[in-house]
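Just so it is clear: chains get the letters A, B, ... in the order the sequence lines come, proteins before strands, and each one is counted from 1. Just so it is clear, the structure is predicted and the values come from calculations on it, not from any experiment.
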2 protein chains.
Amino acid sequence: MRIRQLDKALDLLDLFAKDKQPLTLTSIAAELDMPKSSVFNLIDTLSRRGLIYETRQRGGYYPTPRLHEIASAIMEGDVFLLNIHDELERLASDTGETVLLAARQGAEVAYIDVVESASPIRYFARYGERRPLYTTSTGKAILTSYDRAEREKVLSSIEFVRHQETTFTDPARLMAELDVSVERGFTLDRAEFTPDVMGIGVPLVHGTRRFGLAIAGPLYRMDHQRHRLARLLRAAADRMQRIMENADL
Amino acid sequence: MRIRQLDKALDLLDLFAKDKQPLTLTSIAAELDMPKSSVFNLIDTLSRRGLIYETRQRGGYYPTPRLHEIASAIMEGDVFLLNIHDELERLASDTGETVLLAARQGAEVAYIDVVESASPIRYFARYGERRPLYTTSTGKAILTSYDRAEREKVLSSIEFVRHQETTFTDPARLMAELDVSVERGFTLDRAEFTPDVMGIGVPLVHGTRRFGLAIAGPLYRMDHQRHRLARLLRAAADRMQRIMENADL
DNA sequence: GAACTTAGTTCATATATATGAACAACGCAG
DNA sequence: CTGCGTTGTTCATATATATGAACTAAGTTC
């Protein structure tokens, strides 16, 4: 179950991040579609914790530097993700496509870092979005990081659903595809979950942590140059792997 | 009314900022004194938004770079607070005492930025903490930033409470004290709210925005050198004022 | 400077939600 | 590979909380 008021609080932070200006209680209520009295409680909670303040009497509320301080302290604890973020940016800029970093969450992958392509036509994915493990290039990449026995085990616990024409629904065929991917050096997702979207992925492993790194974009723009993109992807992954070796979590 | 689950969520972020390592659902429940099922909802909400993820199966949860990204975007909207933070740091280091930036919130001031002294004996204040306008050096500093007429008006709407022996409880006497402060170039708080704590403050004004900037520490360490500290404070305030002129909110 | 407009605040109560307890799933040790 | 100690998950219901409506107060306009 989602905590609605927490969701609203996060919506509010997103709103500040987007607008970058003080907002009045009333305007927040309108924007987030909440009663004023609820926004009052929200503001009360955040301001008593020193996260926001009233910039001047009736002049709207805005966050203090506190959130940034907390976020910075937290990032210190994950030097790895902090450091490789720059590599994601670079890869996105080199390829012109959206770059995704995903972690396995049970039978799904969740995107834990996303750098969007600058193209007007691009794959639009959000932090926290999830996909079935077996439909995405990142998920498949994570699967290839397990040895065959473990891979079998993971697949056996999964329920396959056909999302698109191309979706793999047979574990055996998927296993074969994964073998091919290992051989080839990268995994593919040919519109197996989202129509017209192609993904190219590789695994990133550090000790027991496993990530999937991928480039994703429109099929028509990616398919014909998949080997070039894969080369860039592998090069970036190698650099990240090196960064990983020098960091710990 | 505070939103309890939001408070808990913020407690969790603080916990990550402190521990800087992945935490299991169960350990979070213990640490925050919450039922596991409630922590489950909390984690569910945060992870579906891409703010945290499970670092590996049963390996604990940790924030993604998302929060940092949001916080950074928000700070872009308040270049002023972002820029002067360094000055606060500098002032704290130069004086060896805690430095506070406060904004008026009705009849109170709230600390919106705090840099703590490195001394083992120091004034310990937190973001978001509030004090009556008339008891603190920051509050008095903000009061001196109004012209006398407006100042009278503000004071007339305040209910005075004696917190300590030295607390001003008579508006007329406070007005006189404020006049003296303007003359002297800085406001004082001699343990008027918190025992043994002394504060030295100056106002910071940009258009209609008013802040109070202060140094605070133990009376015995501050009183004898208050003029030296005030000089450092004024110099810092001047630098900030210049930064202010080149920024906008 | 009085009237108006818009902003923030309070509070009783309907209503959504936090939670205890029982369950399921994972990973580790032997 | 099997059993055991944890960890994460579900769900009905007691309980805390979100909220509509009525209010106060600040700011703005004429």
Any A/S37 side-chain N or O less than 4.0 Å from OP1/OP2 of D/dA21: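 A/S37 to D/dA21 OP1/OP2: no side-chain N or O under 4.0 Å.
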
Phosphate-side-chain proximity, A/R4 and C/dT17, N/O vs OP1/OP2 below 4.0 Å: yes

Flag if over 12 foreign heavy atoms under 6.0 Å of CG, A/D170: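 More than 12 within 6.0 Å, yes.
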
A/F168 ring center within less than 6.0 Å of A/F160 ring center: no

Length of the line joining [X]:[atom1] and [N]:[atom2], which is rounded to integer Å:
| X | N | atom1 | atom2 | value |
| --- | --- | --- | --- | --- |
| B/K36 | D/dT9 | NZ | P | 10 Å |
| A/D44 | D/dA18 | CG | P | 12 Å |
| B/L23 | D/dG8 | CG | C1' | 15 Å |
| A/K8 | D/dA18 | NZ | C1' | 12 Å |
| B/Q105 | C/dT9 | CD | C1' | 15 Å |
| A/F40 | C/dT9 | CZ | P | 4 Å |
| A/L42 | D/dT19 | CG | P | 10 Å |

Of the nucleotides [options], which has the atom closest to the [X] side chain?
| X | options | answer |
| --- | --- | --- |
| B/T26 | C/dT17, D/dG8, C/dA7 | D/dG8 |
| A/T24 | D/dA18, C/dA7, D/dT7 | C/dA7 |
| A/Q5 | C/dG20, D/dA18, C/dA18 | D/dA18 |
| A/I3 | C/dA18, D/dT10, C/dT9 | C/dA18 |
| B/S38 | C/dT19, D/dT9, C/dT9 | C/dT19 |
| B/Q57 | C/dC26, C/dA18, D/dT19 | C/dC26 |

Residue whose closest nucleotide on DNA chain D lies nearer the 5' end, B/E54 versus B/M1: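 Taking each residue's closest nucleotide, the earlier one in sequence belongs to B/E54.
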
Whichever of A/R2 and A/Y61 has its nearest DNA chain C nucleotide further upstream toward 5': A/Y61

Minimum heavy-atom distance between A/M34 and A/S38, given as atom pair plus value: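 Reported closest heavy-atom pair: CE-CB, 3.8 Å.
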
Side-chain donor-acceptor contact under 3.5 Å, A/S145 with A/R210: yes

Stepwise ring-ring contact (aromatic ring centres under 6.0 Å, His included) test for A/Y53 and B/Y111: CA-CA 9 Å; A/Y53 74 107; B/Y111 298 138; over 10 Å; no

